[in-house]
Every structure is written in structure tokens, then in C-alpha cells.
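Hydrogens, waters and symmetry mates play no part in the numbers below; they use all other heavy atoms, side chains included. Order of appearance sets the numbers: ligands from 1, and atoms from 1 within every ligand.
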Amino acid sequence: METSERAKALPYDRDSVDHVLTTTRSVRRRLDFDRPVAPEVIEECVEIAIQAAPGGGEARPWHFVVVTDAARRAAIGELYRAGFRRFAGQAEEGGGRPMRPVIAHLAENLHRCPVLIIPCIEGRAEGEGQGAQAGLYGQILPAAWSLMLALRTRGLGTAWTAIHLQHAEEVAALLDIPDTVSQATLFPVAYFTGEDNFRRVERPPVGEVIHWDRWQSRRPPTSP
Ligand SMILES: Cc1cc2nc3c(=O)[nH]c(=O)nc-3n(C[C@H](O)[C@H](O)[C@H](O)COP(=O)(O)O)c2cc1C
């Protein structure tokens, strides 16, 4: 079947799906801190997200800690900023790239986001091998990405962040997250201001990121 005919036969609009996949990205400057977010919208997005969560066997090890309480958001904001300062300091000392101002902007304002979501997974893999780590986080990261997509299609912006994990234990204590559970990321969530006009970004040509059959081979096989 021709690609266009195949697309017509799909039970969804592929162009729209591709558009969401290619233009969903971090939103920081356009977060509307003053517009409330209804809990039902978050529930709907998480319900969608866990459809994409692969779990080992019958395991249902996913958890989403949704923080709306102002005092807890403020405390997480403090910890995030402490992590950010350390991270920025290390980057400067190591002669690395300076942090982009937009990263600092989010750090300064994290607590103002009406909702913070921490996708978590049951299990800990610190000090374990690659298989255990990939096996653990592989169960939650697809759901986390789906959550970003679902939030976006409802007018909500977020960013993939992990700076708070420098203070993961304190965040866990603050939110009563058991020490048998790992935090995967933290999504600051708020409605985005303006239109949904997010665009594709500059990425390397696909030939630079694909390895065909072996690492050294960058040429695709000839089509059958
Ligand atoms: C594992 C991981 C952790 C990250 N942690 C943070 C973070 O804590 N704070 C932040 O502002 N950006 C963080 N980023 C960067 C962004 O979320 C994002 O990847 C980057 O801004 C590029 O976004 P874009 O391609 O969507 O524009 C992190 C990215 C990754 C992959």
C-alpha cells in the first residue's frame, strides 16, 4: 500500500499525531502561574499516561505524586533551587556550557506552578547494573513522556526536569514517598500562555543518530 493510502486507512489523523510528537517540548517561560488546574484534568492525563507504561508481567508499579499544596510546592522549590545552584556552580567550575537563563527562570519560579508531578516507580536500582537500572526506569519513562503529550493536548505546559533529584531523599521525606520507590523526573505543570504554536527544533540529521546493524555502519540497507 502507498504510504498516503495507508495513512488514510488509519483510525487516527497521522499528521496530527506526528505534529504533537515533534513539537511537544519544554515550556518554561510561557507557564501561567495564576491559572488554576482542575484535578480532573490531571487525572485524565495520568489515565492516558499509564496506557503507555510497560510493566513486568502483572506488576502495576507506577505512581504519580501530584503536588498542589502551596507549602509543599514551596519546599520543593527551595530544594530544586539548591540543586540548581550546585549544578550551575559545577558547570561553571568545570568550564562547561553556562546554564541557559530559561533554566534559571524555571528554578526561580518552580513553586509558582500550580501543580508539580513526580512520576515514580516501585523499586530502587542505585549501585546496580545497567540491566536493573534500564529495567526499572523503562517501566515509567514511556508513561512520563505520554503524560507530557497528554498535558500538552489539554493546553498544559511542562518541562522534563531532574534537578530536584539532587535532594531526592528530602523530597521523598516531604511527600512521604517510601524508600522502596524511585522518583524518575519532576514535571512543573501549568497552562501555557498564548497559542499552541510550538515548533520543531534543530536536531542532527537522522543519519548521525542511526547505526544500521553495527555501530560503525551509518548507511541504511537498500530497500527490498
Ligand atoms: C534527564 C534530564 C533531566 C533534565 N533536568 C532538567 C531540570 O532539572 N531542569 C530544567 O530546566 N531542564 C532539565 N532538562 C532539560 C529539559 O527538560 C529539555 O530537555 C531541554 O530544555 C531541551 O528541551 P526541548 O528539546 O524540549 O526544547 C533535563 C533533561 C533531561 C533529559
Side-chain angles (χ1 to χ4, degrees), residues 18-33 45 49 64-65 67 73-92 94 96-121 125-126 130 133-153 155-172 174-175 177 182-206 208-209:
D18 287 351
H19 180 77
V20 173
L21 288 172
T22 51
T23 59
T24 299
R25 50 190 26 92
S26 298
V27 182
R28 297 186 184 84
R29 288 211 189 275
R30 286 176 52 186
L31 296 171
D32 186 344
F33 301 128
C45 293
F64 297 81
V65 183
V67 186
R73 284 188 284 127
I76 293 171
E78 280 301 320
L79 292 166
Y80 186 98
R81 274 186 290 283
F84 168 76
R85 281 192 294 270
R86 179 155 358 111
F87 202 52
Q90 281 166 356
E92 209 167 293
R97 271 192 306 159
M99 300 281 259
R100 288 180 294 150
V102 73
I103 309 265
H105 170 78
L106 180 64
E108 279 153 25
N109 292 287
L110 192 91
H111 60 287
R112 297 177 65 200
C113 292
V115 179
L116 303 176
I117 306 181
I118 304 181
C120 296
I121 187 77
E126 287 97 326
Q130 221 177 81
Q133 303 222 9
L136 184 68
Y137 289 105
Q139 295 175 72
I140 188 68
L141 298 185
W145 171 235
S146 288
L147 181 57
M148 276 187 96
L149 300 176
L151 291 166
R152 189 267 179 94
T153 61
L156 290 155
T158 188
W160 193 288
T161 82
I163 285 176
H164 82 289
L165 291 175
Q166 300 201 30
H167 294 276
E169 303 304 326
E170 288 111 302
V171 173
L174 182 75
L175 305 175
I177 298 173
S182 299
Q183 303 168 52
T185 171
L186 182 153
F187 291 154
V189 178
Y191 281 100
F192 50 77
T193 56
E195 299 289 301
D196 184 331
N197 55 2
F198 304 103
R199 288 191 218 111
R200 294 171 80 113
V201 287
E202 184 84 13
R203 289 290 189 240
V206 73
E208 284 182 19
V209 297

For F192, all residues meeting ring pair (Phe, Tyr, Trp, His ring centres under 6.0 Å), sequence neighbours excluded | F198
Between H167 and R86, is a side-chain contact (heavy atoms from CB on, under 4.5 Å) present by the stated rule, with each step listed?
-> CA-CA 11 Å; H167 294 276; R86 179 155 358 111; 3.3 Å; yes
Output all residues satisfying side chain to side chain contact (heavy atoms under 4.5 Å, CB included) with Q183, sequence neighbours left out; order by chain, then residue number.
-> I118, C120, H164, L165, A168, V171, A172, I177
Which atoms form the tightest heavy-atom contact between C113 and L116, and what is the distance?
-> CB-CD2, 4.0 Å
Does H111 have any side chain to side chain contact (heavy atoms under 4.5 Å, CB included) partners at least two apart in sequence or in another chain, and if so, which?
-> R81
The protein residues that pass the under-4.0 Å heavy-atom test against ligand 1 are R25, S26, R28, Y80, R100, I103, L106, W160, T161, A162, I163, R203
Ring geometry between F33 and H105 (parallel below 30°, tilted from 30 to 60°, perpendicular above 60°) | tilted
